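The figures that follow rest on heavy atoms only: side chains count, while hydrogens, waters and symmetry mates do not. We count ligands from 1, going down the list as the structure has it; atoms in each ligand are counted the same way. Predicted, not measured: the structure shown is a model, and the values here were computed from it.
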Amino acid sequence: MSDDQSVLSQLRGTVGEKHVLTEGQATAPYYEDWRKKYHGTALAVVCPANTLEVGAVMRLAQKHGLAIVPQGGNTGLSGGATPSGNARQLVLSTRRLNRIRQIDTANDTVTVESGVVLQTLQDVARENNRLFPLSLAAQGSCTVGGNLATNAGGTAVLRYGSMRDLTLGLEVVTPNGEIWDGLRALRKDNTGYDLKQLYIGSEGTLGIITAAALKLFPHPVANLTAMMALPSLVEAVNLLAQAREALGPGLTAFEVISAPCVPLLQKHYPNLRWPFSDPCEVAVLMELTDHDNEAHARDQLERLLMRSMEAGDVLDGVVAESVAHSQTLWSLRESISEAQGLEGAHIKHDISVPASAVAQFVAQAQEALSQAAPGARCAWFGHLGDGNLHFNVLSPAGADPMPFAARQNEINEIVHDLVVHHRGSISAEHGLGQLRRDENQRYKSPLEMALLRQIKSAFDPEGRMNPGKVIA
Ligand SMILES: Cc1cc2nc3c(=O)[nH]c(=O)nc-3n(C[C@H](O)[C@H](O)[C@H](O)COP(=O)(O)OP(=O)(O)OC[C@H]3O[C@@H](n4cnc5c(N)ncnc54)[C@H](O)[C@@H]3O)c2cc1C
């Protein structure tokens, strides 16, 4: 029996025959990323059912010198969960680690396994009259483990923070199969270095996260959405400051949509109605939650809208009249990514700069791109409240998108040099994966890279955890 066959047979003995996938049709979805940009292969896809099985799989992989590619819902946007072409790898899928272990409403915490789908966690929290606030368009299929490994952000970071802020403890299996039980649901714990924060955002390069203790929050009584048309991004940044002052912690989301996104939505999603008849440079989607009642929230929001219209910061606005109306407004925001995909090849950037620098960054990037690629469409949108824009660049309307897409490296450099000039980040919430690994190295100092490599080799001395991702 070859070594590979022996490993497969031992894996089947460990997790069960039908949880080791090797056939083409069964493995295909695991070997390609969500955007269909990255493709790979592996010896098998292994689906352990619990932490002990994960430990056993990791020990087997170590014994046979196999690398491990952790995968949750496979919705990541940086190619982090896709194996490379090297067949001496196993994809370890966490889909069967899907239990809610404990909900503690007195402590406002929930302990879940890493394969739990984000939406399931939100539902469980709601059933217990609590809120788990992480919210993003892939929530129906992404997993808590993937959210942790990429430090996911989404639409409520402004109020609740990203996955780092929502996590109290972790359980992790190390590359040699040991189990670290750090599932401490504590809000105060200053006992030295914070290991969990190293695993969060490590994109599967340090170990397998098998469970997490997460924060819960009181469920708001009312939830109100408004959409506003603005003359430019400068007014949008002003409005953000005013909304923060007027609405305080009730302001949970502050999203922007640039004008070039609108025709893409109208073309690819004609059923979604854009609420404004006159054109505008920027639309803001705002969400306010309230722990008193809806009338109070509506009054606050309408007063802000009125003041901003009088000041000329806002041209037009609509406050959702019902849950369905609010969902329609959110659908516009959440369909942009898909509409851009349907439009054809485009060059994506997931950047952040301080909110105070966003308008200047966008103006400079648009100017630089108009020189380098006349007619290119900068169709940006995203989480202005966090200074995070998905600054996506499409080929000139009607032009063949492929020659434009081939200029990706040049366009990336123009955009990312400006981001770094404003002391921003070239990956605000999607992680580095394969997509941004080398660019990250270009922008980080030699000292920072050396420290990061030391962390990697301390946790994964044999370099078997998700090779080729995050760090070269
Ligand atoms: C339509 C759409 C909208 C999105 N919107 C947002 C958004 O608003 N904000 C945002 O932050 N992200 C967004 N994302 C990307 C986001 O990173 C993912 O949706 C999600 O966090 C990844 O979870 P996943 O389970 O799919 O992880 P995967 O894609 O399976 O994996 C992502 C990374 O995590 C690693 N990993 C997965 N599970 C584990 C584990 N248990 N232990 C160790 N490593 C692990 C993988 O190796 C890989 O490196 C969006 C994606 C899509 C498709």
Side chain to side chain contact (heavy atoms under 4.5 Å, CB included), paired with Leu11, selected from Leu43, Leu66, Val20: Val20

Ring centers of His349, His390 separated by less than 6.0 Å: no

Arg273 atom CZ, over 12 foreign heavy atoms within 6.0 Å: no

Ring-ring centroid check Phe391 Phe381, cutoff 6.0 Å: no

Pair Arg442 + Asp417, salt bridge at N-O below 4.0 Å: yes

Pairs involving residues 131-178, ordered by first then second residue, that meet ring pair (Phe, Tyr, Trp, His ring centres under 6.0 Å) (sequence neighbours left out): Tyr160-Phe217

Neighbour list for ligand 1 [protein residues, heavy atom under 4.0 Å]: Trp34, Pro70, Gln71, Gly72, Gly73, Asn74, Thr75, Gly76, Leu77, Gly80, Ala81, Thr94, Ser114, Leu136, Ala137, Ala138, Cys142, Thr143, Gly145, Gly146, Asn147, Ala149, Thr150, Ala152, Gly153, Gly154, Glu203, Gly204, Gly207, Ile208, Ile209, His383, Glu429, His430, Asn466

